[in-house]
Amino acid sequence: MTVRSLYPADRPNLLLNFARARALDTRVSFTRASTGPYVGADGLIKTAKVNEARFDHNPITGECTGLIVEPARTNFCSYSNFQQFVTLGSQGWNPPTRATTTQNATTGPDNTNTALLLQEDSSNGTHELTWVGFNPTATLTASVFVKSAGVTTVSLKIFADSANSVFNLTDLTVTSLTGTASIQAFPNGWRKISVTSDEI
C-alpha cells in the first residue's frame, strides 16, 4: 500500500503566527498614536510605547494569545488611574461614600505600589466611589482591577439608575448582571471586572 500526502509541499511566503513568534514580520507595518496596555508573560500589566505592537498573554498561564488589534477607543473617565488623583472630588469624581481611601496601599496589577485602598465604614448603605463626568451617548464599557481586602463581592455599574453587576472575587462568578459582565483572574489576587451597557 502506498501512502501519499495530498497537501502541497510549498510553504507560505508570509506566515502570521503572532502567538508563537511574539514579533511582527518585517513586511508588516504597524502604527498606534498612543501608548497601550497589555498583559506580559509574567501576568503583569505592561504599557507599550507609541507604535509598539502589543502581544497579549493569559495572565495566569503566561501563554501568548497573539497580537492585540483593536479599533480606536476614547477613555471618558478623567484620571482613571487612581494614582493620578490630585484630590477626590475633582475631575468628575465624587468623594467616597461611607468609606475612606488610602493611596499607595499595596502593589497593583502592574507591580507598582499604586493601588488605592477603599475602606468601608460601619454605617449602613452603599460604600462606593462614583464618577459622574459625562453624558453617555453610545454603548459603553467600564472595567476596573479590584483585589479583596476582606470582602467577597463587589459591584460595578455604569449608570446610576441601572441595577448592579455583582462579582464574586473568590469563585469568579457574576451573580447579578446588567448588560454584559465578566470577571478575569490575575496574579496576586487581582481581578479585572467589566460591564458593557448600551443604556443611554
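When a residue number appears, it is its place in the shown sequence, counting from 1.
Taken together through direct or relayed side-chain contacts under 4.5 Å among Ile, Leu, Val, Met, Phe, Trp and Tyr, Val144 and Val154 form part of one hydrophobic cluster. The hydrophobic cluster containing Trp190 does not contain Leu117, counting ILVMFWY residues as joined when their side-chain heavy atoms lie under 4.5 angstrom apart, directly or transitively. One hydrophobic cluster holds both Leu172 and Ile193 under the rule that ILVMFWY side chains link at heavy-atom gaps under 4.5 Å.
One distance of note links CZ of Phe186 with CG of Leu44; it measures 9.5 Å at 0.5 Å rounding. One distance of note links OH of Tyr38 with OG1 of Thr65; it measures 12.0 Å at 0.5 Å rounding. A distance of 11.0 Å separates CD of Glu128 from CG of Leu156, quoted to the nearest 0.5 Å. Atoms CD and OG, on Gln184 and Ser143 in that order, are 10.5 Å from each other to the nearest 0.5 Å. Leu24 CG to Thr26 OG1: the interatomic distance, rounded to the nearest 0.5 Å, is 10.0 Å. The line from CG of Asp25 to CG of Asn17 is 12.0 Å long, rounded to the nearest 0.5 Å.
Looking at Asp56, its side chain does come within 3.5 Å of a backbone N or O of Val39 through a donor-acceptor pair. Remark: the backbone N or O of Val151 is paired with a side-chain donor or acceptor of Ser148 at under 3.5 angstrom. A donor-acceptor pair under 3.5 Å links the side-chain atoms of Lys147 to the main chain of Asn188, judged by distance alone. A distance-only check finds no donor-acceptor pair linking the side chain of Thr173 to the backbone of Thr175 [under 3.5 Å]. Between the His127 side chain and the Arg98 main chain, a donor and an acceptor come within less than 3.5 Å of each other. Between the Arg191 side chain and the Ile183 main chain, no donor and acceptor come within less than 3.5 Å of each other.
In this structure, Thr100 and Asp121 have side chains that are not in contact, with every pair of non-hydrogen atoms separated by 4.5 Å or more. With contacts defined as side-chain heavy-atom distances shorter than 4.5 Å, the pair Pro187/Pro59 qualifies. Side-chain contact check for Val195 versus Lys157: every heavy-atom pair is 4.5 Å or farther apart. Using a 4.5 Å heavy-atom cutoff, the side chains of Ile68 and Phe55 are not in contact. Considering only heavy atoms from C-beta on, Leu118 comes within 4.5 Å of Leu129 through its side chain.
The 12-atom threshold is exceeded at NZ of Lys46, counting heavy atoms of other residues, nucleotides or ligands nearer than 6.0 Å. More than 12 heavy-atom neighbours from other residues, nucleotides or ligands sit within 6.0 angstrom of CD on Glu52. Open room surrounds CG on Asn124; 12 or fewer heavy atoms of other groups in view lie less than 6.0 Å from it.
When every heavy atom of Arg32 is checked against every heavy atom of Val50, the shortest pair comes out as O-CG1, 3.1 Å. Nearest approach of Pro96 to Thr101, heavy atoms of both residues: CG-CG2, 4.1 Å. Heavy atoms only, all atoms of each residue included: His57 and Cys64 are closest at CD2-CA, 3.5 Å. Between Asn168 and Thr153, the shortest heavy-atom distance links the atoms CA-CG2, 4.0 Å. Ser194 approaches Phe167 most closely through the heavy-atom pair O-CZ, 3.7 Å. When every heavy atom of Arg54 is checked against every heavy atom of Gly36, the shortest pair comes out as CD-O, 3.5 Å.
Side-chain N/O atoms of Thr196 and Thr141 include a donor and acceptor closer than 3.5 Å. No hydrogens or angles considered: a donor-acceptor pair under 3.5 Å links the side chains of Thr112 and Thr114.
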Quick one: do Leu169 and Thr152 satisfy side chain to side chain contact (heavy atoms under 4.5 Å, CB included)? Show the steps, please.
CA-CA 6 Å; Leu169 303 181; Thr152 303; 5.9 Å; no
